Structure formats: structure tokens, C-alpha cells
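The sequence lines fix the lettering, A, B, ..., with proteins before strands; numbering per chain opens at 1. When reading the values below, keep in mind they use all heavy atoms of this one structure, side chains included, and skip hydrogens, waters and symmetry mates. What you see is a predicted model; the values in this text were computed from it and never measured.
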2 protein chains.
Amino acid sequence: MSYRDKKVITIGTVCELTGLTDRQIRYYEERKLVFPARSKGGTRMYSFGDVELLMEIADKLEDGLHTHEIRKLHEKRAKSAVTDRVAN
Amino acid sequence: MSYRDKKVITIGTVCELTGLTDRQIRYYEERKLVFPARSKGGTRMYSFGDVELLMEIADKLEDGLHTHEIRKLHEKRAKSAVTDRVAN
DNA sequence: CGTGTAAGGAATTCTGACACG
DNA sequence: CGTGTAAGGAATTCTGACACG
């Protein structure tokens, strides 16, 4: 697993990197758009990949999409990624 | 700057990634071997590169080197890196 | 020299909820 | 629906120091 996917970043840092509030980030998790890991103490841990994903989500929300629609889009993308992998 | 060099990791996570204690990591900083950034609140922030460096330091200490010697070695390496860059 | 630990405080994060619209 | 906020608690980190050797 590359640096991009290691869940080592705390929510406060993610806020700085993305410009989002912690409230927004936790809400996107509630809506099943991001999936942070948890430290023993229960602290959410994000990867750089998650940071990129969050900025993408923020973009789509600004474009007027709803969290539910964004989830659908991402599920599709994940599915075709699997298909591609199997095909190759 | 790549993911490797972004200072976004908190000391507790660095402990897990390296197997070192926070006491050791702070001591290596005191001895000028690592240079974490600081958050607004004063929390030390490390990069994946720092994590690698710390493991290297731990290796050398196990080999019997002293922090002072390790620093010398690392300074030399940094210097030749600059030389190489200028040469190329 | 390199590391452990107890001490007290400050910064960070967590959850559940009320609010607006 | 998506986000702000105050609330109280728990986890994390910080510094300076004493200890051992």
C-alpha cells in the first residue's frame, strides 16, 4: 500500500488540506461517502486518497448534487474499477 | 511536494509506524536528527519521509552509533545531495 | 547517553442534539 | 438537506524534570 492510501491523517489536518469543516467531513462519512479508519482511542484517521476524495465530494456538492447522488456515482466508479481489474 | 514530504502525521501515529516511543522521537528531535513541523496548537507533525528517517536512525543506534555521529552522517548525505543537484 | 516515567496543562477529537430551512 | 454550534467527556500531545547508568 502506497503513501496515498495509508490512513494516518487526523481530521484537523484534513480540514486544513481540504478547506472543509470537521462537521462537513463527519457528515460525508455519515452519508457513506468516506470511510476513515479509527485509532485505538477512536480518532478518525484519513489517507491522502481520502483527502482527494473529499475535495471531489465538495466540488460535486457545489455543483448542486446531493450526497445520495454522489454516492451512486462513486459506487459505479468503484464497480467499473473492479470490472476493469478482472478484465485485465 | 509529494505525499512523502507532507507533514501531516501526528506523533502517536509515528510511534505505531516506527515502533518507537514518543520519548525517543522527541529526543531525536532534540539531537537535531528530525525536524517535524508544528500545528497551530503546537503539535508536532511528521511526514512519511520523517518516518523512514526515524527508522533509519533507530537502526543506526542499534548498531552502536551515537546521535552525534548519526547527525554527522546525515549532514554529509544532505551536502552531497546538494552537490549532486548542482552537478546535474 | 538514551530512555522511562509521573505531573499538570493545553489542544484535539468524539458523540448526540438542537437549530435553520 | 447540509451545516453551524454549544456541551461534556475522553484521548492526545506538550514541556520540564527526576531517575538510571
Side-chain angles (χ1 to χ4, degrees), chain A residues 6-75, chain B residues 6-75:
Chain A
K6 283 224 165 190
K7 309 254 184 185
V8 297
I9 313 175
T10 242
I11 201 168
T13 306
V14 175
C15 289
E16 292 184 355
L17 295 175
T18 61
L20 299 172
T21 65
D22 52 341
R23 180 65 167 100
Q24 291 175 299
I25 297 171
R26 294 200 188 99
Y27 179 65
Y28 302 157
E29 176 182 0
E30 188 183 319
R31 301 315 313 277
K32 308 289 185 193
L33 295 177
V34 224
F35 307 92
R38 294 277 182 156
S39 74
K40 313 75 181 282
T43 300
R44 269 169 267 253
M45 306 300 292
Y46 301 85
S47 66
F48 280 112
D50 289 330
V51 169
E52 292 180 358
L53 179 56
L54 283 166
M55 300 186 82
E56 216 181 293
I57 292 168
D59 275 352
K60 290 180 179 166
L61 280 171
E62 276 190 52
D63 288 347
L65 293 184
H66 283 205
T67 55
H68 180 260
E69 306 172 305
I70 297 175
R71 179 169 23 158
K72 285 292 176 191
L73 283 176
H74 290 188
E75 280 173 1
Chain B
K6 283 224 168 191
K7 309 255 183 184
V8 296
I9 312 174
T10 242
I11 201 167
T13 306
V14 174
C15 288
E16 292 183 356
L17 295 175
T18 62
L20 300 171
T21 65
D22 53 340
R23 180 65 166 99
Q24 290 175 300
I25 296 170
R26 295 201 188 98
Y27 179 64
Y28 302 156
E29 176 182 359
E30 187 182 321
R31 300 316 312 278
K32 309 288 184 194
L33 295 176
V34 225
F35 306 92
R38 294 277 181 155
S39 73
K40 312 75 182 286
T43 300
R44 269 169 266 252
M45 306 301 292
Y46 301 85
S47 66
F48 280 113
D50 290 330
V51 169
E52 292 180 358
L53 179 56
L54 283 165
M55 300 185 83
E56 215 182 293
I57 292 169
D59 275 352
K60 290 179 180 166
L61 279 171
E62 275 190 52
D63 288 347
L65 292 185
H66 283 205
T67 55
H68 180 260
E69 306 172 305
I70 298 175
R71 179 172 22 160
K72 285 293 175 189
L73 284 175
H74 289 188
E75 280 173 1

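- Taking atom CG of residue L20(B) and atom C1' of nucleotide dG4(C), one finds them 14 Å apart after rounding to whole Å.
- Contact check, T43(B) against dC14(D): no side-chain N or O comes under 4.0 Å of OP1 or OP2.
- Counting only heavy atoms from C-beta outward, the side chains of T13(B) and M45(A) approach each other to under 4.5 Å.
- Between dT3(D) and Y28(A), a contact under 4.0 Å exists linking OP1 or OP2 to a side-chain N or O.
- Counting atom types as modelled, R23(B) pairs a side-chain N or O with a base atom of dT5(C) as donor and acceptor under 3.5 Å.
- D63(B) places its CG atom 14 Å from the P atom of dG2(C), with the value rounded to the nearest Å.
- When distances are taken from the side chain of Q24(A) to each of dT3(D), dT13(D), dG2(C), the shortest belongs to dT3(D).
- Consecutive Watson-Crick or G-U pairing (both distances under 3.5 Å) extending over three or more pairs maps onto DNA chain D as C:2-5 with D:17-20, C:17-20 with D:2-5.
- A salt bridge is defined here as a Lys NZ or Arg NE, NH1 or NH2 lying under 4.0 Å from an Asp or Glu carboxylate O, and R23(B) with E30(B) fails to meet this definition.
- Minimum heavy-atom separation, C15(B) to D22(B): SG-N, 3.4 Å.
- Put simply, CD1 on I9(A) is 16 Å from C1' on dT12(C), counting in whole angstrom units.
- In this structure, the nucleotide among dG2(D), dT3(C), dT13(D) sitting nearest to the side chain of L61(B) is dT3(C).
- In terms of position on DNA chain C, the residue among H68(B) and D22(B) whose nearest nucleotide sits closer to the 5' end is H68(B).
- The residue among G42(A) and T67(A) whose nearest nucleotide of DNA chain D is located toward the 5' end is T67(A).
- Using modelled atom types and a 3.5 Å distance limit, the side chains of H74(A) and K60(A) yield a donor-acceptor pair.
- Considering every non-hydrogen atom in both K7(A) and D50(A), the closest pair reads NZ-OD2, 2.8 Å.
- Between dT15(C), dG2(D), dT13(D), one nucleotide has an atom nearer to the side chain of R38(A) than all others, and that is dT15(C).
- Using modelled atom types, no side-chain atom of T43(A) and backbone atom of S39(A) make a donor-acceptor pair closer than 3.5 Å.
- Not a single donor-acceptor contact under 3.5 angstrom links the side-chain atoms of R44(A) to the base of dT13(C).
- Taking 4.0 angstrom as the limit, Y27(B) places a side-chain polar atom (N or O) nearer than this to OP1 or OP2 of dG2(C).
- Taking side-chain N and O atoms only, S39(B) has a distance below 4.0 Å to OP1 or OP2 of dT12(C).
- One interatomic measurement links the two molecules: NZ of K60(B) to P of dG2(C), which rounds to 14 Å at whole-angstrom precision.
- For the pair E52(B) (side chain) and G49(B) (backbone), a donor-acceptor distance under 3.5 Å is absent.
- Of the two residues contacting DNA chain D, namely H66(A) and K40(A), the nearest-nucleotide position lying further toward the 5' end is that of H66(A).
- Look at CD1 on I11(A): it is 15 Å from C1' on dT12(D), rounded to the nearest Å.
- OP1 or OP2 of dG4(C) has at least one side-chain nitrogen or oxygen of T21(B) nearer than 4.0 Å.
- In summary, E29(B) and R38(B) engage in a salt bridge, as defined by a charged side-chain N under 4.0 Å from a carboxylate O.
- Summarising the geometry, the separation between CZ on R26(B) and P on dT5(C) is reported as 13 Å, rounded to the nearest angstrom.
- Following rounding to the nearest Å, I25(B) (CD1) and dT15(D) (P) show an atom-to-atom distance of 14 Å.
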